[in-house]
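These notes concern the structure reproduced below.
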Amino acid sequence: MGSFDKIVNLCKNRGFIFPGSEIYDGLANTWDYGPVGVELKNNIKRAWWKKFVQEADNSFGVDADIFMNSKVWDASGHTASFSDPKMDCKCCKTRHRADNLIDAHSKKTVNPDLMSNEEMEQYIYNNKVPCPKCGKCDWTNIRNFNLMFSTSRGVTDEGQNLIYLRPETAQGEFVNFLNVQRSMRAKVPFGIAQIGKAFRNEVTPGNFTFRTIEFEQMEHQWFCKAENSLADYEVYKKKALDFLLSIGFNPEHLRYHDHDKLAHYAKAACDIQFLYPIGWEELNGIHHRGDWDLSRHQEYSGKSMLYLDPYTNEKYIPNVVEYSIGADRLTLAVLCEAYDEQTLEGGDTRVVMHFHPAIAPYKVAVLPLQKNLSEKAMEVYRKLSKNFMVTYDEAGSIGKRYRRQDEIGTPMCVTIDFDTLEDNSVTIRDRDTMEQIRLPIEKLVEYVSEKVQY
Ligand code: ATP
């Protein structure tokens, strides 16, 4: 695993992630995925969808609008209480989250989640917690800062309505509960999944793409009977971990972290944390949500959310087990996990990204040994690119070209040499072992397919 600085540099230089609006000196905490990064992130999203929709029993996907009727956010509680406790430093005028100040000062030995705003203020004053920017200790009181971005909708200045950019994708699943249940003739228990953008006006964004103001979430809501909900919660805890292991995470870099403070409607909640270069931090959450969400939507919309069990004729509002993971936070974890610096025989060093082949941005690099082999190499490239993301490189020594592919984690390099013209075979080099084998071109697609299968 590399340091954050090394990963940020590699991301910029190798086309994974660039600072947003860079030619205008950027816009703080916005990031653009480059040609290599977009492939990585898309592959991660595809792997997740495969596990939680395609291969899952009784799960359905939706793609809801970012804008929703504002009553949705009243029902969900976001307009009233989706806020962070912020404090301003009176000396340097920077803004900070009180809970983060306590976490950092106490080295996480004190849990601010269990404190009221008054208790957090007391802790900060009693312990003279300094401002991380200027070192002084002169704070305003805590004020709750709503994290939702708002905008207005309407064609005349007078008729403008306040609407919000969704701060989570989950409500798109809840408001479509009845639609999905009816149109798909779904029977409880069933799941609704969604991948989409969410927006939060975070008080303290940062640490590269770990916490940003615009990000993508991958969420799965499991609608089940109350009496099965705790057992299903355990199932989703395991499924969430298994998914991470299946895309190549080392189990020693992952751990469960139970929430100390539960919402009044919840019976259980936990995160899975990953050992980022900045320490253990949340990667995803699994939350038991009781029947809170559907009950609130029933109350605010006036539409019945009762489910009629066709076998027992019971009528009830299902409970929900929520599993939510940020696609960007996960992509960052994948980058950290994959990063490796190796010293090779002969003293050379290489940076290699050990991505699981299924999520690697490019599956194969096609490399003609010399430029006058490019016609044959392009033939191989065209054949492979009908099936996979493939890259082509004929510039520089073969050693340098291998290094470039190692840095973007391409699992296989195919070299075309003069023998290829005679025997229609190519050499394939494995990214991790650096071993090489010879294979007829007609077997190539099948060989690569097996290697990148997920
Ligand atoms: P945190 O405690 O880190 O603020 P959270 O508990 O508010 O996260 P949830 O609301 O449960 O997070 O969101 C689910 C997931 O969405 C998180 O586990 C994380 O992967 C991702 N996520 C949340 N906020 C952000 C953000 N600002 N930037 C990037 N990803 C985020």
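Each residue takes its place number in the sequence, starting with 1. Remember, it's 1-based here, ligands and their atoms both numbered in the order they're listed.
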Inset, instruction - Determine, for Tyr33 and Lys41, whether the Lys NZ or Arg CZ falls below 6.0 Å from the six-membered ring centre while staying within 45 degrees of the axis. - result: yes
Legend entry - Arg255 atom CZ, over 12 foreign heavy atoms within 6.0 Å: yes
Any protein N/O atoms within less than 3.5 Å of an N/O atom in ligand 1? List the atom names and distances, or say none.
unit_1	atom_1	unit_2	atom_2	d
ligand 1	2 (O)	Glu282	OE1	3.4
ligand 1	3 (O)	Arg211	NH1	3.4
ligand 1	3 (O)	Arg211	NH2	3.0
ligand 1	3 (O)	Arg329	NH1	3.0
ligand 1	3 (O)	Arg329	NH2	3.1
ligand 1	4 (O)	Arg211	NH1	2.7
ligand 1	6 (O)	Glu282	OE1	3.4
ligand 1	6 (O)	Glu282	OE2	3.4
ligand 1	7 (O)	Arg200	NH1	3.1
ligand 1	10 (O)	Arg200	NH1	3.2
ligand 1	10 (O)	Arg200	NH2	2.9
ligand 1	13 (O)	Gln217	NE2	3.3
ligand 1	16 (O)	Gln217	NE2	3.3
ligand 1	18 (O)	Glu282	OE2	2.6
ligand 1	18 (O)	Leu283	O	3.4
ligand 1	20 (O)	Leu283	O	2.9
ligand 1	20 (O)	Gly326	N	2.9
ligand 1	24 (N)	Arg200	NH1	3.4
ligand 1	27 (N)	Glu202	OE2	2.7
ligand 1	27 (N)	Thr212	O	2.8
ligand 1	28 (N)	Thr212	N	3.0

Inset, instruction - Using a 4.5 Å cut-off on heavy atoms from C-beta on, say whether the side chain of Tyr311 contacts that of Lys187. - result: yes
Inset, instruction - Answer with yes or no after comparing the ring centroid distance for Tyr236 and His220 against a 6.0 Å cut-off, counting only values under it. - result: yes
Legend entry - Over all atoms of both residues, closest heavy-atom pair of Ala193 and Trp49: O-CH2, 4.0 Å
Legend entry - Centroid-centroid under 6.0 Å between Phe208 and Trp31 rings: yes
